[in-house]
Amino acid sequence: MTDDEADGESESDRELHPDDDPYVLQGRQPHPFWAESVAEQILERVADDSDRDPDDPIVIKGGISPSGVPHLGNMNEIVRGYFVAEALRERGREVRQVFTADDRDPLRKLPRKLADLDGNVVDLGDVNAGALGRNLGKPYTDIPDPFGCCDSYGDHFSNLIERSAELLGIPVEMVSNTELYESGEFEDVTRYLLENRERAREVLSHYQDKVDEEYVPFNPVCEECGKITETVTAVNLGEDGTESGEATVEYVCTDMEAGDQTIEGCGHEGTATLREGKLPWRFEWPAQWQVLDHEPFGKDHAEGSWPSGADVARNVLEIEPPHPMAYEWFTLDGEPFSSSEGHVIMVQDALELLEPETLRYFFTKDPSKARDFSIEHLDQLVDEFDRFERIYYDQQEADETDETIAEAAYPPVVRPAVAARFDEDGDPVADPDPESVPVVDAIRRAQANELVDGRFRDRVRLPYTFAAVLGMTDDPDLREEIARRECHLPSEAPEWTVEFALARVRRAREWARRTGNEFDYELKRTEMPDVDLDPETEAALDELADFVEEGRDPDEIQGEIYETAKRHDLDIGEFFGVGYRLFFDDDEGPKLGPFLAKLDREFVLARLRREG
RNA sequence: GGGCCGGUAGCUCAGUCCGGGAGAGCGUCUGACUCUUAAUCAGACGGUCGCGUGUUCAAAUCGCGUCCGGCCCGCCA
């Protein structure tokens with residue numbers, strides 16, 4: 001039966017097929033941009049496949065179980081595939097990008113944080129934890145949505161993932177595993193695995209010690225309590241004279257180990273069809289590979305389920321596994337993402353701080369290196385993106401590698417943003433909503449490309465930290481004036497680019513506010529901050545007020561601040577400090593003279609005279 | 001315990017495959033812009049390339065060992 005045990009084969013004896021090494025970016029690469037390299041690797045494999053029509057679309061997949069808050073790390077499953085897809089499309093290939101929601105997986109433990117459809121994170125306690133707790137062990141799609149807005153828990157979080165992809169303008173076909181089971185699409189492969197369960201067992205036993213003769217690669221859903229069960233007592237494939245002819249399994253609803261917890265079974269003994277259950281993950285994953293060319297996956301899979309899945313695919317299902325790519329994980333401010341501790345950031349959150357193109361840019365970096373998404377240093381990421389963009393437009397010196405990367409990676413990064421910002425006639429749209437639009441058909445794509453290399457070249461990016469400083473005032477005209485004065489807005493800038501440039505202020509301001517960093521200026525308009533002033537300083541302030549009252553221009557006021565300080569024998573730096581204290585309750589601030597000149601006179605005079 | 005990935009300037013990273021000059025941006029400091037702070041320009045400071053060892057005329061790069069971080073090797077996904 002299990003003669004493999006006799007030959008003592010162990011996992012290390014099980015050689016990985018040369019095509020199945022998931023570290024595909026090791027060693028010499030044909031292109032400095034990783035997605036181009038992966039695309040070429042895929043094309044090589046597709047070309048080697050003789051019974052494949054070169055006109056067939058290439059299929060790229062990603063997938064996770066919709067178990068909770070989908071964070072930026074989870075988005076690797078979609079965004080990494082997107083860049084490969086785009087590289088292939090650039091080579092004239094049709095590509096389908098698919099995302100499987102592994103939503104028949106059982107809920108194994110209660111997450112501590114959930115998120116509503118708008119991406120607001122809430123504590124478990126706020127959404128009736130008790131009701132959720134009764135559903136441990138059930139498939140996500142059989143659990144009521146704690147927010148009551150979707151058909152199930154699984155649907156809720158699948159929707160959230162789908163929404164994240166939409167916000168990034170990435171076209172993905174969402175596929176529900178539960179639907180694949182219920183519609184019968186998984187029935188043939190399930191039946192095949194049950195028919196060949198000895199082979200399945202033999203292969204998997206190289207990877208999992210627990211696999212013994214009793215092992216059946218199918219977990220029915222208990223008809224009594226609704227939980228996924230693990231104990232199949234008989235398999236009836238319906239060939240040997242059953243009345244219905246339908247394949248079934250018999251099971252006992254036993255306890256399930258989930259980490260250090262046990263989810264109790266109800267003891268029910270029943271019968272299930274092949275649509276009323278699920279394949280164990282190590283088979284379910286390869287079962288999804290029937291028609292598939294590429295799949296990126298996290299490093300957690302690279303040494304575990306990927307090698308066994310590839311083996312199952314080749315030696316049980318007799319199909320070729322997709323071209324793999326293992327990616328390293330992201331950290332958030334130096335710490336691992338943790339849904340349960342609420343240490344997460346979703347696309348929705350990130351887009352409050354960054355333009356979508358900048359967020360897409362983050363995913364163009366080498367997937368084989370772990371990367372930190374640092375809120376604190378977000379200005380660095382934005383600066384880097386701005387540089388990357390200038391390199392594409394030849395507005396910035398760079399070495400050949402950076403130029404080659406920008407040339408390949410910039411169009412897919414920016415195309416969804418450009419598609420959102422210009423209408424079908426190629427005219428700019430003010431304040432586009434959404435900000436990213438998937439570019440699918442060839443005509444729209446050509447048009448978007450034309451805009452990227454045409455009108456969009458005029459775009460203006462305010463430096464992120466400068467944009468944060470502009471956030472100190474809510475007055476759009478004042479923002480624009482300051483930006484112009486500091487030469488961040490060229491005088492001949494087209495109308496749309498001004499609005500475009502200033503749109504960054506909202507996000508940069510939010511970043512400064514959230515981190516409370518040195519760019520977090522806020523004009524204290526309603527209340528005067530506490531100041532402790534000596535008489536000399538008070539006299540100086542009064543003089544300055546009189547000067548301002550005469551209606552001087554910005555530079556004169558700036559100069560007068562110096563002169564006033566000198567006249568009263570005050571340290572210039574300290575006198576500026578007093579100004580920042582009075583207006584911002586801070587040690588630092590914008591260039592004071594021009595700023596005071598632009599504010600309404602009444603307020604400035606009253607504040608300089610400490611009248612409120 | 002075994003395997004895999006990563007560990008290069010304060011920060012973010014490129015360079016490691018095919019050995020020969022240690023790099024970029026940001027930050028910091030200094031100076032300029034006739035007057036600090038967010039702009040721009042010029043310059044400077046800054047790294048025993050985790051550590052050790054071997055091979056080599058020559059090692060961030062190749063071998064071996066070791067330390068740190070993460071992942072996998074039970075279950076689950």
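Each chain gets a letter, A, B and so on, in the order the sequences are listed, and its residues count up from 1.
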Within this structure, what is the CD-to-C1' distance between A:Glu303 and B:A77, rounded to whole angstrom?
17 Å

Under 3.5 Å on both distances, the Watson-Crick or G-U partner of B:A60:
none

Separation of B:A77 atom C1' from A:Ile161 atom CD1, nearest Å, is 13 Å

For atom CD1 of A:Ile375 and atom P of B:U12, their distance in whole Å
14 Å

Taking for A:Asp372 and for A:His301 the nucleotide of RNA chain B with the nearest heavy atom, the one nearer the 5' end belongs to A:Asp372

Taking the same atom, P, in B:G2 and in B:U48, what whole-Å distance lies between them?
31 Å

Using a strict cut-off of less than 4.0 Å between a Lys/Arg side-chain nitrogen and an Asp/Glu carboxylate oxygen, indicate whether A:Glu284 and A:Arg104 qualify as a salt bridge.
no

C1' atom, B:G52 versus B:C67: distance in rounded Å?
10 Å

Quick one: does NZ or CZ of A:Arg80 land under 6.0 Å from the six-membered ring centre of A:Trp34, within 45 degrees of the ring axis?
yes

P gap between B:C64 and B:G3, integer Å
11 Å

Rounded to the Å, how far apart are A:Phe362 CZ and B:U12 C1'?
10 Å

Whole angstrom value for the distance that separates C1' of B:A77 from CG of A:Asn76:
17 Å

Sidechain N-carboxylate O distance under 4.0 Å for A:Arg504, A:Asp386
yes

Please examine the side chains of A:Ile561 and A:Phe575, heavy atoms only from C-beta on, and report whether any two atoms are closer than 4.5 Å.
yes

With both distances under 3.5 Å as the test, what is the Watson-Crick or G-U wobble partner of B:C13?
B:G23

What nucleotide, of B:G74, B:A14, B:C72, holds the atom closest to the side chain of A:Asp300?
B:C72

Nearest-Å distance for atom pair CH2/P, residues A:Trp306 and B:C5:
16 Å

Salt bridge flag under 4.0 Å for residues A:Arg513 and A:Glu510
yes

Which of B:C5, B:C72, B:C75 is nearest the side chain of A:Lys210? It is B:C75

Under 3.5 Å on both distances, the Watson-Crick or G-U partner of B:U30:
B:A42

How close or far is atom C1' of B:A14 from atom CH2 of A:Trp34, stated in whole angstroms?
17 Å

Can you check the distance between B:A60 and B:G23, where both ends of the measurement are the P atom (answer in whole Å)?
13 Å

Taking 5.5 Å and 30° as the limits, would you call A:Trp281 and the base of B:A77 a stacked pair?
no

I'd like the P distance from B:G25 over to B:G65, given in whole Å.
39 Å

Between B:G47 and B:U8 - P atom distance, rounded Å:
15 Å

It should be established whether A:Arg371 places a side-chain nitrogen or oxygen under 4.0 Å from OP1 or OP2 of nucleotide B:C13.
yes

Which nucleotide in the set B:A77, B:C71, B:A39 lies at the smallest distance from any side-chain heavy atom of A:His488?
B:A39

Given that both distances must come in under 3.5 Å, which nucleotide forms a Watson-Crick or G-U wobble pair with B:G69?
B:C5

Sidechain N-carboxylate O distance under 4.0 Å for A:Arg387, A:Asp383
no

Between A:Tyr327 and A:Phe297, does the ring centroid distance fall short of 6.0 Å?
no

Which whole-number value in Å describes the distance from A:Phe33 CZ to B:A14 P?
14 Å

Complementary nucleotide of B:G74, counting Watson-Crick and G-U pairs under 3.5 Å:
none

Nearest-nucleotide check on RNA chain B, A:Trp329 vs A:Pro280; residue mapping nearer the 5' end is A:Trp329

Any idea which of B:G70, B:C75, B:G6 is nearest the A:Lys369 side chain?
B:G6

Is A:Gln26 near enough to B:C17 that one of its side-chain N or O atoms lies under 4.0 angstrom from OP1 or OP2?
no

Using a strict cut-off of less than 4.0 Å between a Lys/Arg side-chain nitrogen and an Asp/Glu carboxylate oxygen, indicate whether A:Glu328 and A:Lys369 qualify as a salt bridge.
no

How far does the P atom of B:U12 sit from the matching atom of B:G50, given to the nearest Å?
15 Å

Nearest-neighbour nucleotide for the A:Tyr580 side chain, B:U37, B:A77, B:C72 considered
B:U37

When you check the phosphate oxygens OP1 and OP2 of B:A14, does a side-chain N or O of A:Lys365 lie under 4.0 Å from one of them?
no

Work out how far the C1' atom of B:G27 is from that of B:C72, and round it to whole angstrom.
38 Å

Answer yes when A:Arg201 and A:Glu214 have at least one side-chain N-carboxylate O distance shorter than 4.0 Å, and no when they do not.
no

Remember a base hit wins even if backbone is also touched, and classify A:Ser368 as base, sugar-phosphate or nothing at under 4.0 Å, heavy atoms.
sugar-phosphate

Taking 4.0 angstrom as the limit, do A:Lys365 and A:Glu384 come out as a salt bridge?
yes

Reading 5' to 3' through nucleotides 22-35 of chain B, protein heavy-atom contacts under 4.0 Å coded B for base, S for sugar-phosphate only, - for none
--SB---------B

